[in-house]
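Written below as structure tokens is the structure these notes are about.
Computed from a prediction, not measured in an experiment: that's the story for all the values here. Within every chain, numbering begins at 1; the chains are lettered A, B, ... in the order of the sequence lines, protein sequences first and strands thereafter.
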Amino acid sequence: MRPFDIVLAIGIGLALWQGLVIITDAPHFILPSPLRVAQAMWHSRVIIAENALVTASEVALGLLFGSLLGVATAIQLALSRTAERIMLPILVFTQAVPVFALAPVLTLWFGYGMGSKIVMAVLIIYFPVTSAFHDGLTRIDQNYRDLAQSMGAKKLQFLRQIQIPNALPSLGTGLKLAAVYAPIGAVIGEWVGASKGLGYLMLLANGRAKIDLMFASLIVLACLTVLLHIAVGILANRLSRYAGGEVSRTG
Amino acid sequence: MTLPPGILLSGQHYLEGQLLFKAELELPAGEWTCLLGRSGVGKSTILRLILGLETGGRFEGSIAASDGVPLDRRIGYMAQSDLLLPWLTVLENICIGARLRGTAPDLERAQVLLDRVGLADRAGAKPAALSGGMRQRAALARTLMEDQPVVFLDEPFSALDAGTRADMQELAVEVLAGRTVLLVTHDPAEATRLADQIIVLSAAGAAPWPVPASPPLRSLSDPETLSCQTRLLDHLRGVTV
């Protein structure tokens with residue numbers, strides 16, 4: 001996307017928003033105008049930044065731990081047929097339990113601090129990462145297996161030399177999903193019980209009818225998520241290019 | 001190199017309860033055997049059976065080396081697709097066997113083999129940067145790197161253009177000299193050009209086909225080679241109908 005396109009898209013979005021405010025003639029405590037939200041954002045910049053930092057840390061740590069856990073699980077599943085048979089149904093079942101429903105319990109177990117939010121983010125991204133990477137590890141051309149077998153390959157070496165590099169693009173896809181899900185997990189955690197973070201700030205602002213501040217927090221959260229998505233997208237792209245044998249332009 | 005073993009296969013192979021083929025097959029030591037037959041008759045199955053790979057069916061019979069030593073890990077294998085790993089350089093791909101066994105590769109030997117297949121200056125290139133012919137030459141070097149007395153080739157040249165294929169055939173004959181080779185092919189011209197022994201596989205069994213008196217690598221313009229190729233083609237078409 002070219003910079004001009006981005007500016008244009010933002011412009012159209014803001015125009016639609018302003019148009020809606022004018023058409024509905026909604027009072028500012030129901031639907032604030034873009035300008036009012038911008039003013040609130042500037043006015044409360046310190047408090048927004050403080051809380052954004054908390055949420056961003058939760059998301060980053062959740063993403064890190066969740067990805068590591070997912071990668072480790074996928075490798076374990078790829079190495080053992082038994083583990084695969086037993087673990088996969090359990091994994092699918094855990095995915096069927098909505099994390100939203102678990103949020104109060106997690107807050108009870110891990111407290112009101114960052115811990116419970118990180119766990120929430122980990123839980124919400126664990127499955128997409130595991131599933132995507134496991135798929136990449138096991139979906140491998142039978143001819144490679146035959147060649148490796150004829151060469152007397154060791155299972156672990158086959159995993160290291162062929163399966164893992166081959167699965168890197170799939171891992172990238174899983175991480176891109178995770179980057180979008182992780183903030184959701186963190187914010188749900190903050191809604192259920194917290195004293196810091198953008199989710200907490202949104203609830204607080206909403207409760208005090210400071211809708212402009214709520215929107216400001218929401219926009220900052222969305223921007224954080226987009227930035228994270230772009231960063232992980234670049235990483236995923238690099239993984240793909242590496243596995244495809246292209247030399248990275250920047251590295 | 002010590003004398004390579006010959007291989008004897010005798011028995012029948014069933015696929016989903018149906019008899020696929022019943023065959024007796026001898027691969028003479030140090031010679032090129034070319035295996036032909038229509039698609040689905042079990043050419044690749046024979047190759048996989050001897051290699052000890054999964055065939056999806058059931059084999060009753062025996063497979064043995066003429067020297068009585070088990071065949072495990074004594075057969076090099078080259079398939080139709082080059083199976084180069086795109087993220088490794090050509091040199092690293094040549095050494096993949098050692099990497100997969102968790103041992104240190106002999107880089108000097110790899111370099112010598114790359115030189116032998118004419119890829120010395122492309123050692124650091126990724127496979128994506130190579131032409132189809134170059135990739136197949138790299139795959140050949142990888143097979144040579146394994147240094148096995150027996151080499152199985154499963155239609156390794158069929159995806160190449162005619163000129164490159166002829167070059168590859170000559171190179172393969174040169175570098176695989178002194179090994180027991182089994183080449184599975186669809187191409188009567190290729191078989192006639194390269195084979196010490198031609199075997200045509202059909203449901204009725206594995207039947208030898210007379211090869212020209214001249215030694216491989218034969219010139220295809222030679223009248224005897226040409227007529228052998230034509231008769232072989234006719235025979236294969238007859239089998240198909």
_Nearest heavy-atom neighbours spanning Ala243(A) and Pro86(B)_ = O-CG, 3.3 Å
*Using non-hydrogen atoms only, which part of Ile162(A) is less than 4.5 Å away from chain B: side chain, backbone, both, or neither?*
both
*Look at Leu147(A), Leu156(A), Leu168(A) and state which one has the largest set of heavy-atom pairs under 4.5 Å with chain B.*
Leu147(A)
*Does the side chain of Ile96(B) come within less than 4.5 Å of Met151(A)'s, by heavy atoms?*
yes
*Pick one of side chain, backbone, both or neither for Leu83(B), based on which atoms fall under 4.5 Å of a heavy atom in chain A.*
both
*Between Glu54(B), Arg142(B), Arg74(B), which shows the greatest number of heavy-atom pairs under 4.5 Å with chain A?*
Arg142(B)
*Indicate the atoms forming the closest heavy-atom contact of Tyr242(A) with Trp87(B), along with that distance.*
O-CB, 3.2 Å
*asked:* Less than 4.5 Å apart, side chain to side chain, heavy atoms only: is that true for Leu85(B) and Tyr144(A)?
replied: yes
*Leu159(A) side, atom CG; Leu100(B) side, atom CG - distance, nearest 0.5 Å*: 11.0 Å
*Is the count of non-hydrogen atoms from other residues, nucleotides or ligands lying under 6.0 Å from Tyr126(A) atom OH greater than 12?*
yes
*Looking only at non-hydrogen atoms, find the nearest pair between Ser150(A) and Tyr77(B) and report the distance.*
OG-CB, 3.7 Å
*About how many Å separate CZ of Arg145(A) and CG of Leu53(B), when rounded to the nearest 0.5 Å?*
12.5 Å
*Please report the closest heavy-atom contact between Gln157(A) and Arg99(B), naming both atoms and the distance.*
OE1-O, 3.3 Å
*Mark yes when over 12 heavy atoms from residues, nucleotides or ligands other than Phe100(A) sit less than 6.0 Å from its CZ; otherwise mark no.*
no
*Which bit of Leu84(B) is near chain A, if near means a heavy-atom gap under 4.5 Å: side chain, backbone, both or neither?*
backbone
_Other residues, nucleotides and ligands only: do more than 12 of their heavy atoms fall within 6.0 Å of CZ on Arg101(B)?_
yes
*Pick whichever of Lys155(A), Gln142(A), Lys154(A) has the most heavy-atom pairs under 4.5 Å with chain B.*
Lys154(A)
_Quick check for you: to the nearest 0.5 Å, what is the distance between Asp146(A) atom CG and Arg48(B) atom CZ?_
4.0 Å
